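Notes to accompany the following structure.
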2 protein chains.
Amino acid sequence: MKTARNTIAKTKIQELIILSPIALSHSEIHKYLEGLCDRVTIYRVLDRLLEEGVIHKIVDVDGVIKYAGCHSCSTEHSHNHIHFSCQKCMSVTCLENVEPSFKLPKNYKVSEMNFTLSGLCPQCS
Amino acid sequence: MKTARNTIAKTKIQELIILSPIALSHSEIHKYLEGLCDRVTIYRVLDRLLEEGVIHKIVDVDGVIKYAGCHSCSTEHSHNHIHFSCQKCMSVTCLENVEPSFKLPKNYKVSEMNFTLSGLCPQCS
DNA sequence: ATTACATTTGCAACATTGTTGCATTAATAA
DNA sequence: TTATTAATGCAACAATGTTGCAAATGTAAT
């Protein structure tokens, strides 16, 4: 069987994402790590963290993929909340407590959601 | 003053997007056009069509940028509806009549929305 | 501690996607 | 038909993401 290993790269990346108040992109993580590991390693670590359910993936309004820690997902892994993408400071925040509601036509089977609003965050407005 | 021109490329691309029941990505448009024009031209035409408000941009769950015709936007240019991204046939559809509702914390100023669900569309489920 | 081994990494090479500058082409108004 | 300038094509580049493989390293067993 395969056993996951805790490497410096993985630990650092996980820490970075979990501690960050906003969602981070691959390139942002790359900058913060300052050459601690290869660009490719970051991609692979992110994939593993996603599989493990430690972090989740958010697509911002421009199609940039960002990663955020799963805070409220400890009991159940649900990401049906809204993300807010600030157009000024480019930060992406999870609005964990906001659950949107809507009526869907028949025969659509939903397995994932991605709700992103953009505009100005409290700090920038 | 600058005057917009109707070129073959622009006409074809606009037609393609407007007539398509699903949202199309740059690469899909490129394939359909079969070398009618350059890759770069498609990017520029898409930018112009967006500016003119003829089409709108959708980011799917994987961060892929797709373009769809503005059908119900003739009177008011509003895109606050849900998009559905099928995981099997990869199609992106506008659910024009579904308007989501939610309660937002104070001090957030929203200017854009991107609501994308993914799962199986009626054809694939 | 040492060994064995599979996981993880780094590097190189590549694929895809998107952008920019510039000379040429072509749509439109006069 | 001609003048103007928007639009195109091409080349070159940048950013982002993927894959294969040899080397390094974490972990469990000895």
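Order of the sequence lines fixes the chain letters, A, B, ..., with proteins taken first and strands second; residue numbering starts at 1 for each chain. Source: prediction; values computed, not measured.
The NZ atom of A:K66 lies 14.0 Å from the CD1 atom of A:I55; values are rounded to the nearest 0.5 Å. We find the SG-NE2 distance between B:C37 and B:H30 to be 8.5 Å, quoted to the nearest 0.5 Å.
Side-chain nitrogen and oxygen atoms of B:R5 include none within less than 4.0 Å of the OP1 or OP2 phosphate oxygen of C:dA26. Taking side-chain N and O atoms only, A:T3 has no distance below 4.0 Å to OP1 or OP2 of C:dT7. Look at B:T7 and you won't find any side-chain N or O under 4.0 angstrom from OP1 or OP2 of C:dA26.
Atom CD1 in A:I8 sits about 15 Å away from atom P in D:dA24, given to the nearest Å. Atom-to-atom, CG of A:L46 to C1' of C:dT9 comes out at 15 Å; the value is rounded to the nearest Å. Here the C1' atom of nucleotide D:dA15 and the NE2 atom of B:H26 are 16 Å apart, to the nearest Å. Atom CD1 of A:I13 is separated from atom C1' of C:dT9 by 11 Å (rounded to the nearest Å). We find that CG of B:N6 is positioned 16 Å from P of C:dA26, with the value rounded to whole Å. Between the NZ atom of A:K12 and the C1' atom of D:dT25 there is a distance of 19 Å, rounded to whole Å. When rounded to the nearest whole Å, the span between CG of A:D47 and P of C:dT9 equals 12 Å. B:H30 places its NE2 atom 11 Å from the P atom of D:dG9, with the value rounded to the nearest Å.
A:C89 has its side chain out of reach of A:Q123: every pair of non-hydrogen atoms, C-beta onward, lies at least 4.5 Å apart. Annotation: side chain of B:L24 is in contact with side chain of B:Y32 (closest heavy-atom distance under 4.5 Å).
Looking at heavy-atom distances under 4.0 Å, B:R44 makes contact with a base.
Of the candidate nucleotides C:dT9, D:dG17, D:dT8, D:dT8 has the atom nearest to the side chain of B:A9.
Checking A:Y43 against B:K10, the closest nucleotide of DNA chain D that is more toward the 5' end is the one next to B:K10. Nearest-nucleotide positions on DNA chain D place B:R48 closer to the 5' end than the other of A:I65 and B:R48.
A donor-acceptor pair under 3.5 Å is formed between the side chain of B:H26 and the backbone N or O of B:R39.
Scanning residues 33-40 of chain A for heavy-atom distances under 4.0 Å to DNA chain C yields A:L36, A:C37, A:D38, A:V40.
Between B:F115 and B:F102, the ring planes lie perpendicular to each other; the angle is over 60°, past the 30° to 60° tilted range.
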